[in-house]
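Below, each value reflects all heavy atoms present in this structure, side chains not excepted, and no hydrogens, waters or symmetry copies. A quick note: this is a predicted structure, and the numbers were derived from the prediction, not measured.
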Amino acid sequence: MKFKELLQQKSVRPYVMAARFGLEKESQRTTFDGQLATTDHPEVLGNRSYHPYIQTDFSESQMELITPVANSIHEMLRYLAAIHDVALRSMNKHEMLWPLSMPPKLPLKDEDIKIAKLDQFEGILYRRYLAREYGKRKQMVSGIHFNFEYDVELVQLLFSEQSEYETIEEFKNILYMKVSRNYLRYRWLITYLFGASPVSEAGYFTEREERLKGPVRSLRNSSFGYKNNEDVKVSYESLQQYINDIHRMVENGILSEEKEFYSAVRLRGGKQMADLPKTGIRYIELRNLDLNPFAPLGVDEETLEFIHLFMLYLLWTDEKEAPNDWVATGDFLNEQVALGHPFAQVKLLAEGDRIFAEMDEMIEALGLFRTKKSLEIHRAQLRTPDLTIAGKMWTIIESNSNHELGIIFGKEYQGMAFERPYQLAGFRNMELSTQLFLFDIIQKGVEVELLDEQEQFLKLKHKDHIEYVKNANMTSKDSYIVPLIMENKTVTKKVLAEAGFTVPAGDEFDTVERAEQAYIKYSEKAFVIKPKTTNYGLGITIFKEGASLADFTEALKLAFKEDSAVLIEEFLPGTEYRFFVLDDQVRAIMLRVPANVVGDGVRSVEALVAEKNLDPLRGTHHRSPLELIQLGDVERLMLKEQNLLTTSVPEKDQIVYLRENSNVSTGGDSIDVTDDFDESYKQIAVEAVKTLGAKICGIDLIVPDKSIIGTKNSRTYGIIEANFNPAMHMHAYPHSGKGRHLTMDVLEMLYPEVFR
């Protein structure tokens with residue numbers, strides 16, 4: 001089969017780089033001084049027997065991080081970054097993930113290396129068997145398993161351009177078998193470029209074993225790594241031969257199970273080997289990638305992009321020996337390269353040059369010019385071994401130690417996960433409440449799919465239970481009409497007022513001209529102008545002592561920028577509090593102090609704002625717990641009421657308010673007061689939310705004196721707004737007071753079975 005010709009067909013070329021990817025990353029948990037962790041797998045991660053993202057491998061200390069299948073390497077690594085963050089923040093605070101493939105110093109006694117504590121006894125028995133057959137120490141090696149699938153449409157197009165095979169299933173098996181054989185033959189190049197296990201720590205080799213006398217490129221990928229016994233022989237000549245050989249060895253007791261076959265390439269048809277005869281090959285699992293200590297995730301995008309290009313080349317290039325001989329030659333060459341010194345010139349320069357030349361030819365023929373840079377970087381490394389990963393590692397190890405290298409990078413990556421614990425790596429462009437919710441979803445082992453990232457729309461799945469969530473708090477628990485009621489402030493007020501709740505009196509206008517006619521009615525009162533339907537405090541202006549016609553008109557214009565209708569309402573004196581109600585319970589109460597600065601008698605308002613905005617908790621677009629303070633039209637109006645400009649210098653200790661409304665989303669400070677409030681106010685909030693028919697709601701109460709026990713018929717409170725999309729991040733990371741983990745409460749409401 002001439003795949004080179006098929007790949008160049010006009011119909012095929014646009015799809016040649018289309019593929020699907022998945023990744024499994026193993027890492028040992030260690031202490032900060034590089035000792036193997038003796039603690040159990042973190043309990044907060046739930047049941048590892050079903051957890052789709054975070055499990056344990058052989059030992060209790062060996063974490064396995066698993067990404068969902070993705071349509072791009074970038075997308076896959078985003079998930080890995082998020083899972084990595086969740087794993088690190090869920091572990092004991094004195095532990096880190098060891099960044100090296102070779103384990104840290106291992107205990108003297110085998111019994112101190114704990115086998116994973118699984119629910120299923122079969123899994124424990126299998127690990128006990130592995131410990132007896134191969135020894136516990138070899139099992140402690142970690143690495144990357146890269147799952148690769150050519151895009152279904154690409155395979156379909158290739159199939160349609162040929163006539164040799166009648167069924168696409170047969171064609172696909174031929175395709176993957178060829179690529180597998182070529183990968184095994186040429187994997188020495190991957191070992192050379194990305195090998196990253198030059199030495200081992202004490203305790204890896206037993207006293208009876210032969211030990212390496214010097215550093216190598218990849219101990220893990222050599223005969224000194226974790227390999228099957230010599231009597232395990234599997235042919236890649238055809239899929240049927242591959243299946244027959246593995247079944248025969250299981251039947252003869254050479255292998256205990258199909259999954260005990262350890263090779264640089266595994267053929268995969270489903271979750272079990274038994275699926276292969278029915279499904280054919282769906283994807284292949286590449287198992288020979290060492291952990292790269294210089295990459296925070298153990299692997300980087302550039303490496304995987306090169307391997308993707310390499311996988312296309314393996315389909316492009318022809319085999320030059322009989323299948324079994326071809327693979328055997330690859331085994332021999334890989335062993336030579338793996339055991340070479342990290343600084344030694346590779347002895348396969350001629351073949352390496354040929355591979356890169358053919359890849360050049362392929363790039364030109366298929367128009368893959370953006371891949372040129374990666375190709376040139378790795379071509380140069382053929383003659384500069386000190387620039388390979390193993391070479392860079394040995395540069396450090398030679399003057400320091402492998403142990404120290406592991407500690408330095410492990411601590412650095414652990415620290416990175418906690419730099420902004422309110423954000424989730426990989427998804428930092430999403431709203432902060434959604435990031436917090438995604439963290440909880442991953443931690444608890446609920447599967448998640450991003451249906452629309454811009455709209456913050458998620459699909460959750462646990463077993464057969466599916467939920468759809470928008471903005472981390474809009475769920476199926478609320479009917480469609482509920483957010484429509486709360487979005488319309490006029491309707492909200494009417495519904496609450498008819499139920500006997502106190503709401504501010506006011507009027508609605510649909511043009512500036514009509515609203516200006518109400519100036520006489522409100523000019524000498526305390527009043528509020530706000531858009532009818534928007535959230536986040538946008539377009540709201542508050543006048544506590546009346547307003548000039550010019551300021552009144554300016555405030556109207558600001559409100560009409562946000563909506564086609566505005567409300568003018570009486571101003572209710574008192575303090576505003578946000579009550580977060582979930583499932584008929586008040587879960588958090590927040591005092592929000594309007595955006596402000598405190599004068600020092602030296603600097604201007606503008607300079608004071610700039611300094612306050614340096615707080616690392618402040619950011620924009622709901623990606624940080626607090627928002628940056630702005631100096632826009634609303635803030636200038638507020639300063640004008642205080643006879644100030646942005647260039648004015650406030651007196652020492654003078655509090656200058658830049659907003660009247662206290663929304664955190666407009667630069668306010670958040671203070672948790674949940675435990676300080678009388679239950680009567682909490683009950684008012686709960687009953688009001690019930691009246692609106694909502695399960696999740698942020699409802700804003702004005703309370704003149706929270707020590708007064710109020711009732712819904714009294715004037716000791718007023719409800720000024722109900723929010724169907726209440727921000728949760730400000731409760732999780734308040735400016736002061738106790739943080740409230742509301743996103744986890746939402747998840748528990750949706751999936752109570754996960755929390756039992």
Side-chain angles (χ1 to χ4, degrees), residues 420-423 431-433 435-436 528 530 535-542 544 572-580 586-600 603-632 634-639 641-642 644 646 650-677 698-704 706 720-721 723 726-742:
R420 293 181 180 269
Y422 48 82
Q423 293 184 344
E431 289 186 1
L432 194 57
S433 291
Q435 291 185 53
L436 294 171
V528 182
K530 61 185 178 182
N535 283 309
Y536 304 123
L538 299 174
I540 296 176
T541 308
I542 300 173
K544 290 185 178 179
L572 299 180
T575 304
E576 179 185 340
Y577 297 91
R578 161 63 59 84
F579 286 68
F580 187 96
V586 171
R587 303 298 180 106
I589 305 174
M590 183 71 68
L591 166 62
R592 296 169 294 175
V593 179
N596 67 88
V597 292
V598 179
D600 61 5
R603 288 175 292 179
S604 66
V605 170
E606 192 173 35
L608 292 168
V609 167
E611 182 191 40
K612 191 165 184 178
N613 280 342
L614 294 176
D615 185 340
L617 289 180
R618 291 192 181 273
T620 59
H621 301 98
H622 310 290
R623 271 63 172 177
S624 300
L626 300 172
E627 289 288 307
L628 293 175
I629 300 172
Q630 306 296 324
L631 284 175
V634 173
E635 288 80 9
R636 285 180 169 83
L637 266 179
M638 186 67 186
L639 286 171
E641 287 192 21
Q642 301 167 81
L644 294 170
T646 59
E651 295 179 8
K652 192 175 187 304
D653 298 326
Q654 178 185 353
I655 299 176
V656 177
Y657 289 100
L658 298 155
R659 280 268 181 165
E660 189 69 58
N661 64 298
S662 55
N663 298 66
V664 173
S665 56
T666 55
D669 298 330
S670 53
I671 303 170
D672 179 75
V673 292
T674 311
D675 296 332
D676 301 335
F677 252 84
I699 193 156
D700 297 338
L701 271 67
I702 294 289
V703 180
K706 65 181 173 63
I720 59 170
E721 194 169 319
N723 294 273
M728 294 182 283
H729 60 268
M730 64 182 183
H731 297 285
Y733 291 92
H735 179 68
S736 65
K738 181 180 178 181
R740 309 283 170 172
H741 205 150
L742 301 179

Inset, instruction - Kindly say whether Asp700 contributes a backbone atom to a donor-acceptor pair with the side chain of Arg578 at under 3.5 angstrom? - result: no

Legend entry - Nearest non-hydrogen partners of Arg659 and Ile540, listed with the distance: NH1-O, 4.1 Å

Inset, instruction - Please name the pair of heavy atoms, one in Thr620 and one in Glu627, separated by the smallest distance, quoted to 0.1 Å. - result: CA-OE1, 3.4 Å

Inset, instruction - Measure the spacing between CZ of Arg592 and CD1 of Ile671 and express it to the nearest 0.5 Å. - result: 12.0 Å

Inset, instruction - Please assess Phe580 against Met590 for the test side chain to side chain contact (heavy atoms under 4.5 Å, CB included), listing each intermediate value before the final yes or no. - result: CA-CA 8 Å; Phe580 187 96; Met590 183 71 68; over 6 Å; no

Inset, instruction - Identify the two heavy atoms, one from Gly668 and one from Leu626, that lie closest to each other, and give their separation to 0.1 Å. - result: O-CD2, 3.7 Å

Legend entry - Under 3.5 Å: donor-acceptor pair, side chain of Tyr422, backbone of Ala732: no

Legend entry - Lys612 side chain to Asn596 backbone, donor-acceptor under 3.5 Å: yes

Legend entry - The single option from Ile720, Val528, Leu701, Val703 passing side-chain contact (heavy atoms from CB on, under 4.5 Å) against Leu572: Ile720

Legend entry - Minimum heavy-atom distance Pro650-Gly599, with the two atoms named: CB-CA, 3.9 Å

Inset, instruction - Hey, could you give me the NZ/OG1 distance between Lys530 and Thr541, rounded to the nearest 0.5 Å? - result: 12.0 Å

Inset, instruction - Please step through salt bridge (Lys or Arg N to Asp or Glu O under 4.0 Å) for the pair Arg740 and Asp672, ending with a clear verdict. - result: CA-CA 8 Å; Arg740 309 283 170 172; Asp672 179 75; 3.0 Å; yes

Inset, instruction - Under the side chain to side chain contact (heavy atoms under 4.5 Å, CB included) rule, what do Leu432 and Tyr733 come out as? Steps first, then yes or no, please. - result: CA-CA 11 Å; Leu432 194 57; Tyr733 291 92; 5.7 Å; no

Inset, instruction - Let me see the working for Arg587 and His731 under side chain to side chain contact (heavy atoms under 4.5 Å, CB included), right down to the final yes or no. - result: CA-CA 10 Å; Arg587 303 298 180 106; His731 297 285; over 6 Å; no

Inset, instruction - Please confirm whether the backbone N or O of Leu631 pairs with a side-chain atom of Arg636, one donor and one acceptor, at under 3.5 Å? - result: yes

Inset, instruction - Look at the side chain of Thr674 and the backbone N and O of Ile589, then say whether any donor-acceptor pair between them is shorter than 3.5 Å. - result: yes

Legend entry - Nearest heavy-atom neighbours spanning Pro573 and Ile702: O-CG2, 3.2 Å

Inset, instruction - Using modelled atom types only, decide if a donor and an acceptor are shared between the side chain of Asp669 and the backbone of Val593 within a distance under 3.5 Å. - result: no

Inset, instruction - Taking Asn613 for its side chain and Leu628 for its backbone only, find out whether a donor-acceptor pair lies under 3.5 Å. - result: no

Inset, instruction - Could you tell me whether the side chain of Gln630 and the main chain of Glu635 form a donor-acceptor pair under 3.5 Å? - result: no

Inset, instruction - Apply side chain to side chain contact (heavy atoms under 4.5 Å, CB included) to Ile629 and Arg618, showing your working. - result: CA-CA 9 Å; Ile629 300 172; Arg618 291 192 181 273; 4.1 Å; yes

Inset, instruction - Report the distance from atom CG of Leu608 to atom CD of Gln654, rounding to the nearest 0.5 Å. - result: 10.0 Å

Legend entry - Flag for His729-Ser433: side-chain donor and acceptor within less than 3.5 Å: yes

Legend entry - Backbone of Val605 reached by a side-chain donor or acceptor of Thr646 within 3.5 Å: no

Inset, instruction - Keeping the roles fixed (side chain from Gln642, backbone from Met638), state whether a donor-acceptor pair exists under 3.5 Å. - result: yes

Legend entry - Straight-line distance of His741 NE2 to Met728 CE, nearest 0.5 Å: 9.5 Å

